[in-house]
Amino acid sequence: MEKLPKIGLPILIVVVLGIIFISKSTITISSGEAGVLYKTFSGGVVTEEAPLGEGFHLVAPWNKVIVYEVRQQEVFEKMQVLSSNGLEIKLDASAWFQPTYSKLGLLHQQKGENYVNRVLLPTIRSAARSVVGRYTPEQLYSSKRDVIQQEIFVETKKIVENQYIQLNEILVRDVTLPTTIKEAIERKLKQEQESLEYEFRLEKARKEAERQKIDAEGKAAANSILSASLTDKILKEKGIQATMELAKSNNSKVIVVGAGKDGLPIILGDQ
């Protein structure tokens, strides 16, 4: 009986050490995450192998696993940049991005867990300054926002894709101009709109005048042709035909042929 405690103590120690070993040797990676393995005694960060995917993993207790989010993420940035004529423009933008999955080990080794602030945001700021500096405030305010957004995306992507970051989209959410410049641009745009409306009314009136002129010329030409075709003989013939038609009616009348002007018949009624 006295030997039982002496036998049980080593077993207890082994069990405790086993629990500690297992707890230190396992890791569960959640959905949308991946792990970078760091081997303490054999080369440090593993860059040649794929990162640890979602699920349960056994890892030697002297090694470490650094977990990264690998699903798409969004970062916001507000910047002050200069237009082509040196005016200060406030730009509110965001980026959709994620680390390049197959290069996660290199990202950790060369950039670290704070890669967003070290690489992505400075690159976006630099690209925004370069792109906005090509345009005037009027272009930024009106029709060039989509173009600017695309150019910032292209310039940023060109840099960060070599830094193991996958850039999916750049969104320019707001462009804020100095108040005086914004009001001046709005006045100019209003005047341009009014000018376009005035030109439209003038063009409409011109086309209506042309239509009326063409219509009048057509009627005049028709009348001219009709007048040229109505000779004295034709008029007399038409008059005789009309008189003969009237003579066919039942009303009592007397027709005197050749008694009227130019020899046309005259109809004398009983009244």
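In this text, all values refer to a predicted model and were calculated from it rather than measured experimentally. Below, all heavy atoms of this structure are taken into account, side chains as well, without hydrogens, waters or symmetry copies.
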Legend entry - Criterion side chain to side chain contact (heavy atoms under 4.5 Å, CB included) on Y38 and I66, from CA distance to verdict: CA-CA 8 Å; Y38 180 87; I66 302 91; 4.0 Å; yes
Legend entry - Cluster link V154 to I124, ILVMFWY, side chain under 4.5 Å: yes
Legend entry - Rounded distance (nearest 0.5 Å) linking atom CG of L106 with atom OH of Y164: 4.5 Å
Legend entry - hydrophobic_cluster_shared for V75 and V70, side chain cutoff 4.5 Å: yes
Legend entry - Side-chain donor-acceptor contact under 3.5 Å, Q72 with W96: no
Inset, instruction - Could you tell me the separation between the CG atom of L91 and the NZ atom of K78, rounded to the nearest 0.5 Å? - result: 11.5 Å
Inset, instruction - Can you label the angle between the F97 ring and the Y115 ring as parallel, tilted or perpendicular, going by 30° and 60°? - result: perpendicular
Legend entry - Side chain proximity check, V45 to V36, heavy atoms < 4.5 angstrom: yes
Legend entry - V132-F76 co-clustered via ILVMFWY side chain contacts under 4.5 Å: no
Inset, instruction - Calculate, to the nearest 0.5 Å, the distance between atoms CD1 and CG belonging to I165 and L120 respectively. - result: 5.0 Å
Inset, instruction - Quick one: closest heavy-atom pair of Q149 and I170, and the distance? - result: CG-O, 3.0 Å
Legend entry - Any donor-acceptor pair under 3.5 Å from E33 side chain to E54 backbone: no
Inset, instruction - Report yes if the side chains of R71 and S31 come closer than 4.5 Å at any heavy-atom pair, otherwise no. - result: yes
Legend entry - Exceeds 12 heavy-atom contacts within 6.0 angstrom, atom NZ of K103: no
Legend entry - Hphob cluster co-occupancy, L121 + I159, side-chain heavy atoms under 4.5 angstrom: no
Legend entry - Chi angles and distances behind the side chain to side chain contact (heavy atoms under 4.5 Å, CB included) call for I89, S83: CA-CA 7 Å; I89 309 297; S83 64; 4.1 Å; yes
Inset, instruction - Determine whether V65 and L52 make a side-chain contact, defined as any pair of heavy atoms from C-beta on separated by less than 4.5 Å. - result: yes
Inset, instruction - Indicate whether any N or O donor in one side chain lies under 3.5 Å from an N or O acceptor in the other, for Q109 and T47. - result: no
Inset, instruction - Please report the C-alpha distance between E74 and S94 in whole Å, then the side-chain angles of each, then the deciding distance to 0.1 Å, and finally whether the side chain to side chain donor-acceptor pair (under 3.5 Å) criterion is met. - result: CA-CA 7 Å; E74 185 174 23; S94 67; 3.1 Å; yes
Inset, instruction - Applying side chain to side chain donor-acceptor pair (under 3.5 Å) between N168 and each of K157, Q98, Q73, report the one that passes. - result: Q98
Inset, instruction - Report the C-alpha distance between R206 and E203 in whole Å, list the side-chain angles of each, state the deciding distance to 0.1 Å, and finish with yes or no for salt bridge (charged side-chain N to carboxylate O under 4.0 Å, His left out). - result: CA-CA 5 Å; R206 185 184 65 80; E203 181 66 15; 2.4 Å; yes
Inset, instruction - Specify the closest pair of heavy atoms between G53 and Y101, including all atoms of both residues, with the distance to one decimal. - result: CA-OH, 3.7 Å
Inset, instruction - May I ask you to check whether over 12 heavy atoms, not counting those of E210, lie within 6.0 Å of atom CD? - result: yes
Inset, instruction - Indicate yes or no: at least one non-hydrogen side-chain atom of L87 is less than 4.5 angstrom from one of L82. - result: no
Inset, instruction - Working to the nearest 0.5 Å, report the span between OG1 of T123 and CZ of R118. - result: 13.5 Å
Inset, instruction - Any chance you could measure I152, atom CD1, to T156, atom OG1, to the nearest 0.5 Å? - result: 7.0 Å
Legend entry - Side chain to side chain, P99 and Q166, heavy atoms closer than 4.5 Å: no
Inset, instruction - Answer with yes or no whether the side chains of E113 and Y68 bring together a donor and an acceptor at under 3.5 Å. - result: no
Inset, instruction - Say whether R134 and S84, considering side chains only, have a donor N or O and an acceptor N or O under 3.5 Å apart. - result: no
Inset, instruction - Using the side chain to side chain donor-acceptor pair (under 3.5 Å) rule, take E151 and Y135 through it: C-alpha gap first, then chi angles, then the decisive distance, then the call. - result: CA-CA 12 Å; E151 289 183 2; Y135 296 95; 2.8 Å; yes
Legend entry - Close side-chain approach of T26 to V59, heavy-atom, < 4.5 Å: no
Inset, instruction - Give a yes or no on whether the backbone of K90 and the side-chain of Q80 come within a donor-acceptor separation of less than 3.5 Å. - result: no
Inset, instruction - Could you grab the distance from atom CG of N63 to atom NZ of K39, nearest 0.5 Å is fine? - result: 7.0 Å
Legend entry - Side chains of E161 and L167 in contact at under 4.5 Å (non-hydrogen atoms): no
